[in-house]
Amino acid sequence: MKILIVGASGTLGRAVQQALSHHQILTAGRNSGDLRVDITDSASVRSMFEQAGRLDAIVSATGSLHFGPLLETTAANFRIGLEDKLLGQIDLALTGQHYLNDGGSITLTSGIVSQQPIRHGSNATAVNRALEGFAAAAALELTRGQRINVVSPNVLQESWEGYAPYFPGFEAVPAARAALAYVRSVEGIANGQTLTVW
């Protein structure tokens with residue numbers, strides 16, 4: 001398969017790239033990779049797909065969120081997650097479907113807080129739940145045998161030091177374990193599903 005991985009330079013993205021390395025991989029990111037893309041800019045997303053050409057799978061392991069106390073959160077803070085992780089990934093799916101071969105797949109990334117909210121994580125919970133809802137609905141309308149899924153990983157062991165204060169009592173998972181769910185989404189038959197790695 002020819003697979004585009006957006007966010008391939010991150011901790012999760014590197015693990016996904018390794019897990020799918022038996023395929024032809026194209027990487028994309030804001031500052032590194034085979035292609036450059038700003039997922040908050042639709043023109044940038046279109047340009048990336050034009051350069052990538054026809055694809056068998058699109059994997060997104062990217063997206064920024066706002067973490068902070070609800071009492072101090074502003075609409076501008078909230079837009080960080082809405083415009084980046086939510087609309088950015090949705091744009092990858094909406095635009096990417098037109099570059100996807102018959103039977104191709106799209107895999108987006110949410111996170112455990114979609115179902116298990118944490119303190120200071122209202123933006124993350126809202127964005128992740130919305131992504132999962134989008135995929136469930138989009139799966140019903142995709143054509144030509146195309147599929148879409150979301151992977152929802154727990155906090156990663158490799159990122160635990162920075163995120164531990166937000167996740168008391170959570171058991172972090174290795175990035176390599178989370179990456180297996182992306183393999184299942186790309187190579188399997190799931191459609192409209194949220195694949196959890198908790």
Side-chain angles (χ1 to χ4, degrees), residues 5-17 19 28-31 37-41 45 58-94 106-139 148-182 184-185 190 192-198:
I5 302 177
V6 182
S9 66
T11 301
L12 180 58
R14 290 194 304 272
V16 172
Q17 184 177 355
R30 189 185 298 266
N31 300 307
V37 65
D38 175 357
I39 65 168
T40 68
D41 180 346
V45 170
I58 300 162
V59 174
S60 172
T62 189
S64 296
L65 294 163
H66 169 72
F67 289 92
L70 188 67
L71 284 174
E72 299 172 13
T73 297
T74 65
N77 294 145
F78 217 84
R79 286 192 193 97
I80 293 170
L82 297 180
E83 294 175 1
D84 197 306
K85 187 169 184 179
L86 179 58
L87 289 178
Q89 290 197 91
I90 287 176
D91 195 4
L92 290 175
L94 295 177
I106 300 167
T107 307
L108 308 180
T109 298
S110 63
I112 192 171
V113 297
S114 65
Q115 301 301 319
Q116 299 183 30
I118 58 172
R119 182 181 293 111
H120 300 172
S122 60
N123 185 238
T125 295
V127 164
N128 289 336
R129 283 198 183 186
L131 280 166
E132 293 168 9
F134 167 75
I148 183 170
N149 297 294
V150 177
V151 173
S152 174
N154 199 342
V155 62
L156 302 178
Q157 285 180 356
E158 293 85 348
S159 307
W160 182 245
E161 185 175 347
Y163 285 97
Y166 292 105
F167 291 90
F170 284 70
E171 184 178 0
V173 301
R177 182 181 158 213
L180 293 175
Y182 293 83
R184 183 157 37 119
S185 178
Q193 302 297 304
T194 296
L195 307 177
T196 60
V197 188
W198 303 347

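Residue numbers count from 1 along this sequence. Reckoned from all heavy atoms, side chains included, excluding hydrogens, waters and symmetry mates.
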Asks: Begin with the C-alpha distance, continue with both residues' side-chain angles, and end with the deciding distance and a verdict on side chain to side chain contact (heavy atoms under 4.5 Å, CB included) for Ile112 and Val155.
Replies: CA-CA 8 Å; Ile112 192 171; Val155 62; 5.9 Å; no
Asks: Where do Ala172 and Leu156 come nearest, in terms of heavy atoms and distance?
Replies: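 Scanning both residues, the minimum pair turns out to be CB-C, 3.9 Å.
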Asks: Test your reading of the model: is there a side-chain donor-acceptor pair from Thr196 to the backbone of Ser152, 3.5 Å cut-off?
Replies: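 No; judged by distance alone, with no hydrogens or angles, the pair does not exist.
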Asks: Mind jotting down which residue pairs meet the ring-ring contact (aromatic ring centres under 6.0 Å, His included) criterion with at least one end in residues 148-174? Sequence neighbours excluded, please.
Replies: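 Qualifying pairs: Phe67-Tyr166, Phe167-Phe170.
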Asks: What is the distance from atom CD1 of Ile80 to atom CG of Leu86, rounded to the nearest 0.5 Å?
Replies: 14.0 Å
Asks: Atom CD of Glu83 and atom CD1 of Ile39: how far apart are they, to the nearest 0.5 Å?
Replies: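 Going from the CD atom of Glu83 to the CD1 atom of Ile39 covers 11.0 Å.
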Asks: With sequence neighbours left out, write down each residue that passes salt bridge (charged side-chain N to carboxylate O under 4.0 Å, His left out) with Arg79, or none if nothing qualifies.
Replies: none
Asks: Roughly how far apart are Ile5 CD1 and Thr62 OG1, rounded to 0.5 Å?
Replies: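 Separation between the atoms: 12.5 Å.
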Asks: Ignoring hydrogens and geometry, is there a side-chain-to-backbone donor-acceptor pair from Asn149 to Thr194 under 3.5 Å?
Replies: no
Asks: What's the spacing between Thr107 OG1 and Tyr182 OH if we round to 0.5 Å?
Replies: 8.0 Å
Asks: Is there a side-chain contact between Thr40 and Leu87 (heavy atoms, below 4.5 Å)?
Replies: no
Asks: To the nearest 0.5 angstrom, please state how far the CG atom of Leu180 sits from the CG atom of Leu195.
Replies: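 Rounded to the nearest 0.5 Å, the CG-CG separation comes out at 11.5 Å.
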Asks: Please find the pair of heavy atoms, one from Ala126 and one from Phe78, that lie closest to each other, and give the distance.
Replies: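 Distance-wise, the nearest heavy atoms are CB-CZ, 3.8 Å.
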Asks: Look only at the side chain of Gln89 and the backbone of Lys85, and say whether a donor-acceptor pair between them is shorter than 3.5 Å.
Replies: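 Such a contact is found between Gln89 side chain and Lys85 backbone.
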Asks: With distance as the sole test, does Thr109 use its side chain to make a donor-acceptor pair with the main-chain N or O of Ser60 at under 3.5 Å?
Replies: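 Checking the backbone N and O of Ser60 against the side chain of Thr109, a donor-acceptor pair under 3.5 Å is found.
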Asks: Mind checking side chain to side chain contact (heavy atoms under 4.5 Å, CB included) for Asp41 and listing every partner two or more places apart, or none if nothing turns up?
Replies: Asp38, Ala43, Ser44
Asks: Of all residues at least two apart in sequence or in a different chain, which pass the salt bridge (charged side-chain N to carboxylate O under 4.0 Å, His left out) check with Asp84?
Replies: Arg30
Asks: Give me the atom names and distance for the closest heavy-atom approach of Ala181 to Val151.
Replies: CB-CG1, 3.8 Å
Asks: Is it true that a side-chain atom of Asn77 and a backbone atom of Thr74 form a donor plus acceptor pair closer than 3.5 Å?
Replies: yes
Asks: Looking at residues at least two apart in the chain, or sitting in another chain, which of them share a side chain to side chain contact (heavy atoms under 4.5 Å, CB included) with Pro168?
Replies: none
Asks: Scan the side chains in residues 114-121 for donor-acceptor partners under 3.5 Å anywhere in the protein, sequence neighbours excluded, and list what turns up.
Replies:
| from | atom 1 | to | atom 2 | distance (Å) |
| --- | --- | --- | --- | --- |
| Ser114 | OG | Gly111 | O | 3.0 |
| Ser114 | OG | Glu132 | OE1 | 3.4 |
| Ser114 | OG | Glu132 | OE2 | 2.8 |

Asks: If every non-hydrogen atom of Ser9 is compared with every non-hydrogen atom of Arg14, which pair is closest and at what distance?
Replies: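 In this case the closest contact between Ser9 and Arg14 is O-NH1, 2.6 Å.
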Asks: How close do Ala179 and Ala15 get, heavy atom to heavy atom, and via which atoms?
Replies: CB-O, 3.5 Å
Asks: Do the non-hydrogen side-chain atoms of Leu92 and Val45 ever get within less than 4.5 Å of each other?
Replies: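 Of all side-chain heavy-atom pairs linking Val45 with Leu92, at least one is under 4.5 Å.
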Asks: How close do Ala135 and Ile148 get, counting heavy atoms only, and between which atoms?
Replies: O-CG2, 3.6 Å
Asks: Would you call Val197 and Asn154 a side-chain contact if the rule is heavy atoms closer than 4.5 Å?
Replies: no
Asks: How long is the straight-line distance from CG of Leu65 back to CG of Asn123, given to the nearest 0.5 Å?
Replies: 5.5 Å
